[in-house]
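A short write-up of the structure that comes next.
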There are 2 protein chains.
Amino acid sequence: MQDLRPIERKKLSETVMQQLQTLISSGRYQPGDRLPTEKALAEAFGVSRMSIREALSGLAAAGLIEIRHGEGSFVKRVEITDYLSPITASALGFPHTALALLEVRSILEAGAAELAALRATAEDHAELAAAAADYRAQTERGETGIDGDLRFHRAIARAAGNPVLTELMNRIQDLMEQGMAYTLGQNLKTPERSQQVAAEHDAIAEAIRGGDPVAARAAMIRHLTGVRNKLLRSMNEAATGKEKTQDA
Amino acid sequence: MQDLRPIERKKLSETVMQQLQTLISSGRYQPGDRLPTEKALAEAFGVSRMSIREALSGLAAAGLIEIRHGEGSFVKRVEITDYLSPITASALGFPHTALALLEVRSILEAGAAELAALRATAEDHAELAAAAADYRAQTERGETGIDGDLRFHRAIARAAGNPVLTELMNRIQDLMEQGMAYTLGQNLKTPERSQQVAAEHDAIAEAIRGGDPVAARAAMIRHLTGVRNKLLRSMNEAATGKEKTQDA
DNA sequence: ATGCTACTGTTGTCAGACAACCAGATGACC
DNA sequence: GGTCATCTGGTTGTCTGACAACAGTAGCAT
């Protein structure tokens, strides 16, 4: 007695569906293309039109195609980033500390910097430089530089060339932006620190431009460690300033 | 003029599906209950059996019911935690999407391994070892080891000691697990590969136990690079090779 | 040119039939 | 009495053929 697992017994429509899905996800049919008619598919697969219809409606339920009455079935474009929100919402939705969130952000940013060093296009490099300059200008003008900072980090996320990563980082950055503004106000941004941040930005952009993933990661980690230390100090001040902290 | 949007024109099966869904989610039919037969539903709704069938298969695709040949349709117990829209699963059929998600997962797992090496408790170490042994036992028994693998990676996520990171990783692992099952079946798991994976798991656990974050990160990256290569090969086979059928 | 009509091709729905399958009942055999 | 094969009824899976609903187009009459 070899393996005596329950015998694979699949419905015809499921088999058809898998085959069609393979054709679609392999690019044989591009978004916007029209699939053959149900009749043609039925003949090609050697099954009845009914099985084809079940397979097609399955694909439609999965969002891969759109069936239009009287016209035909058309391949849809499906972007996973459009459907990531349930994931991020449930992961980032429940109570968390700013430190934990920053740690996750650091992991992602370090990875993104690494990838950016390998993949950034000329366009990305230009945007990185512009964003870094933007931040420097804003802070030297006495502003908080919050926009420039965000722009810089978004540019890195984009330069990493991974849409999922970009989406995830954007969510976290939004969340932190809100959290910071709400809990700590602007006291994270002091002139001395701003100058240092600008230099760190430059170092990161430089490493990415040099195509050195190790250096880029290291520079990013240096940067975010600085952010973390500043955050720690601010939280400490806030705690001692108002009332005695109790953290162990 | 009133609203003159395109008239609502719904397929019969969709209407039926909505009604049935209401009945189920309202508790009129409890998990485990058997729905009326297709024939009975057809008479009750006043439509043909075919429309009923399409509605039922839609509900099955959504995971609300389970259709058993020769028995009937049964309401499934739906766990909100592991519920994913079929769309997200099907999106992973696209190679670039699957690779992008795996890349994000790699970044997170590498960071988690690093943190775990610094923070893991005795309890965490025990769970890591147990999970690694679990995986090895499962694969040697001829199973896919999917449970053991998941358990191992969950243990790392947990050992990193960052709730946000843990939650995020769990979500992404679920997503990949289900997406892979949906699109590629089990052919990711071969005996030779399983042996290698088990060794890689050991190496990771070893590095974490040794409190060496650099080694832990490196071991994890080695592991996930292997996963990536296997994934690439599988997707390639699926796209090119294995059509046993047609074209004359 | 404009608007109506008819036509063609496609998907949506229907009806009936049979095959595949499951569960329980029946009956034969030891 | 217990065990097993077989029968039977009910259910889902698939096939076939037909017609309705819909979209697009060509042709026609005005």
Side-chain angles (χ1 to χ4, degrees), chain A residues 1 4-21 23-24 29-76, chain B residues 4-21 23-24 29-76 244-246:
Chain A
M1 346 309 188
L4 40 125
R5 300 171 291 100
I7 305 166
E8 175 127 5
R9 201 177 325 146
K10 235 185 307 191
K11 292 201 276 187
L12 269 186
S13 55
E14 289 185 21
T15 311
V16 171
M17 191 165 122
Q18 283 192 352
Q19 300 236 10
L20 287 178
Q21 202 209 322
L23 288 181
I24 291 176
Y29 289 108
Q30 298 281 331
D33 285 359
R34 209 189 83 167
L35 294 181
T37 68
E38 297 179 350
K39 194 174 161 193
L41 286 172
E43 289 175 7
F45 280 108
V47 299
S48 81
R49 201 186 134 206
M50 178 168 171
S51 301
I52 297 292
R53 277 185 62 76
E54 275 205 23
L56 288 180
S57 68
L59 291 177
L64 284 177
I65 67 172
E66 179 185 358
I67 307 177
R68 292 208 282 267
H69 189 175
E71 293 187 66
S73 305
F74 298 83
V75 179
K76 278 213 295 187
Chain B
L4 41 125
R5 302 170 291 100
I7 307 164
E8 174 125 4
R9 200 174 334 154
K10 236 186 303 192
K11 291 201 276 187
L12 270 185
S13 54
E14 290 184 18
T15 311
V16 172
M17 193 164 115
Q18 285 189 350
Q19 302 234 14
L20 287 177
Q21 187 170 356
L23 286 181
I24 292 176
Y29 289 107
Q30 297 284 331
D33 284 0
R34 208 190 85 169
L35 295 181
T37 68
E38 296 179 351
K39 195 175 159 194
L41 286 173
E43 290 175 7
F45 281 106
V47 301
S48 82
R49 202 185 134 206
M50 178 172 170
S51 301
I52 298 292
R53 277 185 63 75
E54 274 203 25
L56 288 180
S57 67
L59 292 177
L64 281 175
I65 66 173
E66 179 186 358
I67 307 177
R68 291 209 283 267
H69 188 176
E71 291 186 67
S73 306
F74 298 83
V75 180
K76 275 212 296 188
K244 68 201 64 181
T245 154
Q246 107 249 60

- Note on the structure: Paired with B/Ser73, the side-chain contact (heavy atoms from CB on, under 4.5 Å) test is passed by just one of B/Ile52, B/Thr37, B/Leu59, B/Leu35, namely B/Leu35

- CD of A/Glu14 versus C1' of D/dT14: gap in Å, rounded? 14 Å

- Query: If you look at every heavy atom in B/Ser48 and B/Ala42, which pair is closest and at what distance?
  - Reply: C-CB, 4.0 Å

- Nearest heavy-atom neighbours spanning B/Phe74 and B/Gly32: CD2-O, 3.7 Å

- Query: Can you name the nearest heavy-atom pair linking A/Ser13 to A/Ala55, along with the distance?
  - Reply: O-CB, 3.4 Å

- Task: Round to a whole Å and report the spacing from NZ of A/Lys11 to P of D/dC15.
- Result: 13 Å

- Residues in residues 37-49 of chain B with a heavy atom under 4.0 Å of DNA chain C, by number, are B/Val47, B/Ser48, B/Arg49

- Note on the structure: Rounded to whole Å, the CZ-C1' distance (A/Phe74 to D/dA23) equals 10 Å

- Item | SB check B/Glu66 B/Lys76 (cutoff 4.0 Å) | no

- Message: Quick check: do B/Leu20 and B/Phe45 have side-chain heavy atoms less than 4.5 Å from each other?
- Response: yes

Output one line per pair: protein atom, nucleotide atom from nucleotides 22-24 of chain C, and distance, for all N/O pairs under 3.5 Å.
| unit_1 | atom_1 | unit_2 | atom_2 | d |
| --- | --- | --- | --- | --- |
| C/dC22 | OP1 | A/Arg9 | NH1 | 3.1 |

- Side-chain N or O of B/Arg34 less than 4.0 angstrom from OP1 or OP2 on D/dT11? yes

- Here the gap from A/Leu56 atom CG to A/Glu54 atom CD, rounded to the nearest 0.5 Å, amounts to 10.5 Å

- Taking for A/Leu56 and for A/Met50 the nucleotide of DNA chain C with the nearest heavy atom, the one nearer the 5' end belongs to A/Leu56

- Length of the CD1-P vector between A/Ile67 and D/dA23, whole Å: 15 Å

- Task: Can you measure from CD (A/Gln21) to CD (A/Glu14) and round to the nearest 0.5 angstrom?
- Result: 12.0 Å

- Message: Between the side chains of A/Arg34 and A/Glu71, is the shortest nitrogen-to-carboxylate-oxygen separation below 4.0 Å, so that they form an ion pair?
- Response: no

- Query: A/Met17 CE to D/dT14 P: how many Å, rounded?
  - Reply: 13 Å

- Tell me: CD of B/Glu54 to P of C/dC14, nearest whole Å? 10 Å

- Message: For the CE atom of A/Met17 and the NZ atom of A/Lys10, what is their distance to the nearest 0.5 Å?
- Response: 10.5 Å

- In degrees, rounded to 10°, what is the bend between the two ends of the helix from C/dA1-D/dT30 to C/dC30-D/dG1, using five pairs at each? 10°

- Here the gap from B/Glu38 atom CD to B/Arg53 atom CZ, rounded to the nearest 0.5 Å, amounts to 4.5 Å

- Query: Closer than 4.0 Å, any side-chain N/O of B/Arg68 to the OP1 or OP2 of D/dG13?
  - Reply: no

- What integer distance in Å separates B/Leu12:CG from D/dA21:C1'? 11 Å

